[in-house]
Amino acid sequence: MYDYFIYDHPLYRPPSEARSQIFQITLGCSQNHCTFCGMYKTKRFKLRSLSEIRAEISKIPAPHRKSVQRVFLADGDALIYPQAGLVEILDLLRDNFPRLTRVGIYASPRSLQSKSLEELTLLRKKKLRILYYGLESGDDQTLSAVKKGCLSSEMLALCRKAQQAGLKLSVTAILGLAGRERSREHARATARWITELSPEFFSLLTMFHRHNDDYLRSISLLTNGGVIAEALEMVRLLQPQKTVLRSNHVSNILNLAGSYPKDREKIIAQAEHALHLAQQDPAWFNEVPDYCEDAF
């Protein structure tokens, strides 16, 4: 998708928003204290003004506007934008992009807490269709260690509120986040959480180095084999009603894809096969992934 203005970098978007037109309605993340995450550590959080956003939309040539079907609103936790302003932004998108079918946005516990069920329902009516939500872990001890600022049960209630409003959820968890110390607890609690919510999408990332040196030094990092074993433990226990699983992020060493419950056995078999192959190379199996090496 072509861009007609200069972004404030770094800029992140989910893999599924690769062809979306992106507008930064916030800069940085309002919840920028998580110790594992370095995505926005170089930015100070800021709400962009409606006049700035309106001006950016106006820069897009009329012929191109007809080709825009999806829009992604950045930066991190853009759902925190005040309700009246967010409604106006969605109205601007509807009025300027006649073929618009879907708007996506990052969400956090704080931003979901800031919106009532009625407000979320209104956003859904104005073509906000999908929230990208970082669970990170279903294990409360791990969530406390990374300063997520919310219990797993609280996040479950918030995400259920979003589902009640008719919004789709794409939830992410991070392999290796709990280190070796709580790998099993992290995998099992995350599988239980996803099973209870049954989000439309569930994505696995793997812990990697980006402005989070202190946290990486605080845990015993999983080896390649440990990452695969943790993923296997998780996919074996997952039993959501209808959820698409992906582990296709650049951080992943294990690529899994399928839908639960239809592809459950196939996904488990893929992970088991990957673990078996990894065990044939003890040196690689016991090595900490390359993306973590520069943390030390």
Side-chain angles (χ1 to χ4, degrees), residues 1-30 39-40 42-108 111-112 115 119-134 162 165-172 199-201 203 205 210 244 246 248-251 257:
M1 187 64 67
Y2 294 105
D3 303 313
Y4 297 94
F5 37 85
I6 298 173
Y7 290 115
D8 185 293
H9 291 281
L11 173 68
Y12 301 99
R13 54 124 182 106
S16 59
E17 300 288 348
R19 298 184 62 81
S20 299
Q21 181 66 53
I22 301 176
F23 293 100
Q24 286 176 298
I25 66 171
T26 64
L27 301 180
C29 178
S30 69
M39 288 174 65
Y40 300 105
T42 59
K43 286 186 176 186
R44 178 172 292 182
F45 179 72
K46 175 186 175 183
L47 294 172
R48 298 191 68 219
S49 69
L50 285 169
S51 60
E52 289 178 282
I53 298 163
R54 193 179 294 110
E56 284 193 346
I57 292 174
S58 70
K59 290 179 183 178
I60 298 181
H64 178 63
R65 295 184 191 190
K66 296 177 183 178
S67 68
V68 174
Q69 297 183 42
R70 291 187 175 186
V71 168
F72 180 70
L73 298 177
D75 269 339
D77 194 25
L79 186 67
I80 200 72
Y81 207 93
Q83 177 74 2
L86 188 50
V87 167
E88 186 168 341
I89 290 168
L90 292 172
D91 285 343
L92 282 168
L93 297 177
R94 177 202 62 202
D95 295 342
N96 283 273
F97 303 110
R99 297 184 62 201
L100 182 67
T101 61
R102 186 181 94 169
V103 178
I105 200 167
Y106 280 130
S108 76
S111 62
L112 279 175
K115 299 283 192 284
E119 287 174 325
L120 291 172
T121 301
L122 177 60
L123 298 178
R124 169 66 175 77
K125 290 178 180 177
K126 292 183 177 293
K127 296 191 178 180
L128 182 64
R129 294 289 189 263
I130 185 166
L131 306 183
Y132 295 91
Y133 186 86
L167 293 163
K168 292 183 178 181
L169 283 163
S170 180
V171 177
T172 55
E200 283 77 9
F201 304 97
S203 297
L205 284 67
R210 186 199 286 127
V244 175
R246 292 285 185 271
N248 58 351
H249 188 262
V250 66
S251 65

How about NZ on K127, more than 12 heavy atoms from neighbouring residues, nucleotides or ligands closer than 6.0 Å, or not?
yes
Looking only at heavy atoms, which two atoms of [X] and [Y] are closest? And how far apart?
X	Y	result
Q21	Y7	NE2-OH, 3.7 Å
L100	R102	CD1-O, 3.6 Å
G28	D75	N-OD2, 2.8 Å
P82	K115	C-NZ, 4.4 Å
L131	A162	CD1-CB, 3.8 Å

Those residues that, when tested against T172, pass side-chain contact (heavy atoms from CB on, under 4.5 Å) (two or more places apart):
E136, S203, L205
R54: what forms a side-chain contact (heavy atoms from CB on, under 4.5 Å) with it, not counting sequence neighbours?
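Scan of R54 (side-chain contact (heavy atoms from CB on, under 4.5 Å), adjacent residues dropped) gives L50, S51, E88, L92.
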Is any side-chain heavy atom of [Y] closer than 4.5 Å to one of [X]?
X	Y	value
D77	F45	no
L123	L79	yes
P14	F72	yes
S108	I80	no
I22	E17	no
I25	L86	yes
L73	T26	no

Would you give the length of the straight line joining atom [atom1] of [X] to atom [atom2] of [Y], rounded to the nearest 0.5 angstrom?
X	Y	atom1	atom2	result
H64	K59	NE2	NZ	14.5 Å
R94	L90	CZ	CG	9.0 Å
Q69	F97	CD	CZ	12.5 Å
L128	I89	CG	CD1	11.0 Å
E56	I6	CD	CD1	10.0 Å
R129	T101	CZ	OG1	8.0 Å

Ion pair check, D8 and K43, cut-off under 4.0 Å:
yes
Do R70 and I130 pass the side-chain contact (heavy atoms from CB on, under 4.5 Å) test, and can you show the C-alpha distance, the side-chain angles, and the key distance before you say yes or no?
CA-CA 11 Å; R70 291 187 175 186; I130 185 166; over 6 Å; no
Could you list the residues that satisfy ring pair (Phe, Tyr, Trp, His ring centres under 6.0 Å) with Y81, not counting sequence neighbours?
none
Just by distance, do the side chain of [X] and the backbone of [Y] share a donor-acceptor pair under 3.5 Å?
X	Y	answer
E200	L169	yes
E119	Q83	no
R65	I60	yes

Y132-F201 aromatic ring centre distance below 6.0 Å:
no
